[in-house]
Amino acid sequence: MRDAYCGMIRKEDTGRTVTLAGWVFRRRDHGGLIFVDLRDVTGIVQVVFSPEISRQAHERAGDIRSEYVIKAVGKVERRPSETENLNIPTGEIEVYISDFEILNTCKVLPFQLEDEEIGEAVRLKYRYLDMRRPEVQKVFIERSKAYRVTRDYLLSKGFYEFETPLLTKSTPEGARDFVVPSRLNTGMFYALPQSPQLFKQLLMMSGFERYFQIARCFRDEDLRADRQPEFTQIDIEMSFVDREDVMSVNEGLIIALYEALKGKKPPEVPFPRMSYAEAMEKYGSDKPDLRFDLPIVDLTAIFLKTELGVFKKTIETGGAVKSFVLKGKTLSRKDLDTAVDTAKDLGAGGLIWIRKDAEGLQSPIVKFLSDEERSQMTSILGLEPGDVVFIMADKRPKVSDLMGRFRLHIGEKYDLIDRSLDKFLWVIDFPLLEYSEEEKRYVARHHPFTSPKEKLAGFEGDHESILANAYDLVFNGVELGGGSIRIHRMEDQSEMFRLLNIGEEEASDKFGFLLEALEMGAPPHGGIAFGFDRIIMMFLGLPSIRDVIPFPKTQKGSCLLTGAPSKVAQRQLNELKIKAIAD
RNA sequence: GGGGUCGUAGUUAAGCCUGGUUAUAACGCCGGCCUGUCACGCCGGAGGCCGCGAGUUCAAUUCUCGUCGACCCCGCCA
C-alpha cells in the first residue's frame, strides 16, 4: 500500500517518488497552497498540495480534515532554505503530492490530540484516540522494548518461558481473589491467579531449574496510583540457588531494563542493601526513598527520666520518641502549625516541633525539658541555628510508620527530593511473620512458603524475631518487586504451618498438591517477581500506572472505554445457577 | 469502610466565597479570504440540563443536604 514511512524521510530521499499513508495531523490551508502534517507510527512529514503540481489534488485537498486517513503519492523535495523546520526530523524536506486517496474520514474528535491537558476520564473513554498521540505511543513502544529486553536477558541466562493457568484454585492468604463461576461444576468457582506462585514452584519440582513468565496477575483490592486490579509481573523461579544467586541474576535484569529505558547506566552497582530493621528504624518504611536524607533519630534514651508528660507516658508503656531534623528551611509559626495538622491527619496523636535559634531551643514544650535533655538533643541531632526538629512519641511500630510517612510529606513539601537521582535499594532480612490483628494470629509476611533464615524446629521464642530469606527491590521509594528462597522440605513446611497456626487438615485442603510435591524430591529453590508495569512507570518517570497500561481501570475498577464491569444476561446467570442477591 | 480534591460549550479553564444583567475566555468546529506555513494568519458565525436530585429563598451555576462520576490518600494490597 505504501513504500515509505512519514517519519523516516530525509534529505537523502530528495527526488524520490514515495507513496505514504497515515493520518492528517495538522492542516494549514493557505488557499493557494495547502500544507498537511501527515503522521504515521514513525512520525510526521509535511506534504504540500500545490496547484502547480496537481490542480485536481489541490482542489480535493480542501476537503481534508483532521485525522482523515489518506494515502498520498508525491515527490520528495528539499524545502526552500528559509522554510526548513529544524524542530522535526523531517524538517529539511517536504513531499509534493501529485495524487491522493481518502481512505477514511474522521468525525470531529472529542479532544484535540495536541492538547496535553485533557482530563484523564476523557482520555480513557477514547483511549484509542489518546494513544494516537506520539508521546503516548512512545510509552507503549518503550513497553514493547521492555518485553523484548526481559525475554532476551532471561533466555540468555538459561531460563525457560512458561504459561500457567488463569483459571485456577482460590487459595487463602494474601489478596482477595477474583472469582469465576464454573458452569460444568455448579456452585464451584475458579479464581484468577494473584500470582503464579505455586505453579512456578511446581515447575522447579519438575526439574526445569530456571523458569520465567511475563504473567498477568489479578488482585481484587482497592486501586491506587501504582496499583491496578490486573497487572503484569515478571515472574521468576530458580533451583539450586541461594539468596545471592537470585539477587545477582535479577539485578542484572533490572540493570538491562534500566539501560534500555533510560539510556544510561544505573548510578550505583551493585545495588546497595539495607536490612528491614534498619529501613524501619531510619526511614520508618520498608521501602525507603533515599533520594533525600532526612534520617529518623530515636531520642528515647535521652528522655528516660523526663518530666514531659507525653514522653514520660509513652516511654513507660514501652513506646519510643522519634525525631528528624529539617535543615536550611525557614518555617513560620503557621508552617509549624500546618505541620502539626498534617501529622494528625496521618494518624499521629500529635507532633512536637522545636526550633533552634541563636538564643537556644524554642518550642511550646521547651520549658518542660531539663538542661541536660536540651544539650543532649542539641549534640545528638547536631542542631544549628535555623534547624527545626520534629518529634513524635507513640507505640513502637506505629511511631516508626508515622514518622516515615511524615518524613515523606516533609520531603515532598520542602522539595528535598532530588529528582535527578535514581536510588535502587535491596531491602533484606524481613521478618518471617507478622501479627494479624484481624485474624488474631501470626501470618506470613511474604507468603507461607518463604524459608526462614534459621531452623524453625523447636522454636518457641518471639515469633517476630524470626527473619526470612526474603528480599525486596526498592526504587526511589517504590517497591519494584520481591521474592524469597522457598521452603523445599516437608518437615520445614510443617513447622511453618505450626507457627502460622494452620492445622494439618486445613493445610492439606488448601495446598495439598504442593505439599505432596515437596515430598517427592523438591529441589532447593527460590525466586522473585517484579511489577512490570511499575518498572515501566518508574523508569519512564510517569506519575501513574494507568499511563503504562493500554486500557486501564479507573479507581472504582471500571473501564470507561468498554463499560466493564456490567450486568450479564439472566440466561447466563441461569446457566451458572447464580442468583444476584443485590442490585 | 474512612478522609480529601474536583465536576460550567467538543476540550481546557474563569465566574460561585459575597445568590439577581444576555454565563466569560482560549483552543476546536462551521462559513469566507489567503502561494511558504509548520500552534499559519485575518474576518464572520454556531455551540450550555452550569453532572443529577432534593432543600433554603421572591430568585440557585452560586448556599445546604443527598447522589453519581473522576482523581489522591488511609484501611486493604506485596
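Letters go in sequence order (proteins before strands), and every chain restarts at 1. Below, all heavy atoms of this structure are taken into account, side chains as well, without hydrogens, waters or symmetry copies.
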- Item | Within residues 80-91 of chain A, residues whose heavy atoms come under 4.0 Å of RNA chain B |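 Under 4.0 Å from RNA chain B: Pro80(A), Thr83(A), Glu84(A), Asn85(A).
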For a quick check of understanding: with a heavy-atom distance under 4.0 Å over all strands, which category does [X] fall into, base, sugar-phosphate or nothing?
X: Gly347(A); value: nothing
X: Asp286(A); value: base
X: Arg534(A); value: nothing
X: Arg546(A); value: sugar-phosphate
X: Tyr276(A); value: nothing
X: Glu120(A); value: sugar-phosphate
X: Arg224(A); value: base
X: Arg445(A); value: base
X: Ser558(A); value: sugar-phosphate

- Query: In a check of side chain to side chain contact (heavy atoms under 4.5 Å, CB included) between Ile236(A) and each of Leu253(A), Val246(A), Thr150(A), which one passes?
  - Reply: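 Among Leu253(A), Val246(A), Thr150(A), the one meeting side chain to side chain contact (heavy atoms under 4.5 Å, CB included) with Ile236(A) is Leu253(A).
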- Phe111(A) on top of U11(B)'s base, within under 5.5 Å and under 30°?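 Check failed, Phe111(A) does not stack on base of U11(B).
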- Hey, is His30(A) stacking on U37(B)? Ring centres under 5.5 Å, planes under 30°.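 According to the criterion (under 5.5 Å, under 30°), no, His30(A) does not stack.
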Between [atom2] of [N] and [atom1] of [X], the distance in whole Å:
X: Glu434(A); N: C77(B); atom1: CD; atom2: P; result: 9 Å
X: Asp345(A); N: U5(B); atom1: CG; atom2: C1'; result: 14 Å
X: Asp222(A); N: C71(B); atom1: CG; atom2: P; result: 12 Å
X: Glu67(A); N: G28(B); atom1: CD; atom2: P; result: 14 Å
X: Ile528(A); N: A78(B); atom1: CD1; atom2: P; result: 16 Å
X: Tyr96(A); N: G36(B); atom1: OH; atom2: P; result: 11 Å

- Message: Using modelled atom types and a 3.5 Å cut-off, is there a donor and acceptor pairing between side-chain atoms of Arg16(A) and backbone atoms of Val76(A)?
- Response: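 Side chain of Arg16(A) to backbone of Val76(A): no pair is present.
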- Query: Quick one: does Ser451(A)'s side chain have a donor or acceptor within less than 3.5 Å of a partner on Ile485(A)'s backbone?
  - Reply: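 Such a contact is found between Ser451(A) side chain and Ile485(A) backbone.
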Taking atom types as they are modelled, would you say the side chain of [X] forms a donor-acceptor pair with the base of [N] within the 3.5 Å cutoff?
X: Arg27(A); N: C40(B); result: no
X: Arg227(A); N: C76(B); result: yes
X: Asp115(A); N: G28(B); result: no
X: Arg79(A); N: U37(B); result: yes
X: Gln112(A); N: U12(B); result: no
X: Glu94(A); N: G36(B); result: yes

Who is the Watson-Crick or G-U wobble partner of [N], with both distances under 3.5 Å?
N: C34(B); result: none
N: G75(B); result: none
N: G69(B); result: C6(B)

- Task: Sticking with atom C1', work out how far C50(B) lies from C63(B), rounded to a whole angstrom.
- Result: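 Per the computed distance, 15 Å lies between those C1' atoms.
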- Please measure how far the C1' atom in C65(B) lies from the corresponding atom in C30(B), and state the result in whole Å.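 So the two C1' atoms sit 43 Å from each other.
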Checking contacts here: which listed nucleotide ([options]) is nearest the side-chain heavy atoms of [X]?
X: Asp472(A); options: C76(B), A78(B), C72(B); answer: A78(B)
X: Glu52(A); options: G28(B), C77(B), U35(B); answer: U35(B)
X: Pro110(A); options: G10(B), A70(B), A78(B); answer: G10(B)
X: His446(A); options: U37(B), A78(B), C34(B); answer: A78(B)
X: Val108(A); options: C29(B), G31(B), A78(B); answer: C29(B)
X: Lys556(A); options: C77(B), A70(B), C38(B); answer: A70(B)
X: Leu33(A); options: A70(B), U35(B), G75(B); answer: U35(B)

- Message: Heavy-atom count check: over 12 atoms from other residues, nucleotides or ligands less than 6.0 Å from Trp23(A) CH2?
- Response: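 No, the 6.0 Å shell around CH2 holds no more than 12 heavy atoms from other groups.
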- Item | Neighbour count above 12 (heavy atom, 6.0 Å) for Met131(A) CE |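 Count over threshold, so yes.
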- Message: Whether Glu84(A) and Arg79(A) form a salt bridge (side-chain N of Lys/Arg under 4.0 Å from carboxylate O of Asp/Glu) is what I want to check.
- Response: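 Judged by the 4.0 Å cut-off on N to carboxylate O distance, Arg79(A) and Glu84(A) do not form a salt bridge.
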- Pairing of Glu434(A) and Arg445(A) as salt bridge, 4.0 angstrom limit: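 Arg445(A) and Glu434(A): salt-bridged.
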- By nearest nucleotide on RNA chain B, pick out whichever of Gly32(A) and Ile118(A) is the more 5' one.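 The answer here is Ile118(A).
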- Close side-chain approach of Asn104(A) to Tyr68(A), heavy-atom, < 4.5 Å: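 With C-beta onward as the side chain, the pair stays apart.
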- Query: How about Leu480(A) and Met538(A): do any of their side-chain heavy atoms sit closer than 4.5 Å?
  - Reply: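 They are in contact (side-chain heavy atoms under 4.5 Å apart), so the answer is yes.
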- Go through the steps to decide whether Glu116(A) and Arg133(A) satisfy the test salt bridge (charged side-chain N to carboxylate O under 4.0 Å, His left out), and finish with yes or no. CA-CA 9 Å; Glu116(A) 285 163 28; Arg133(A) 297 127 84 84; over 6 Å; no
- Arg28(A) side chain near U37(B) phosphate (N/O to OP1/OP2, under 4.0 Å):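 Result: no.
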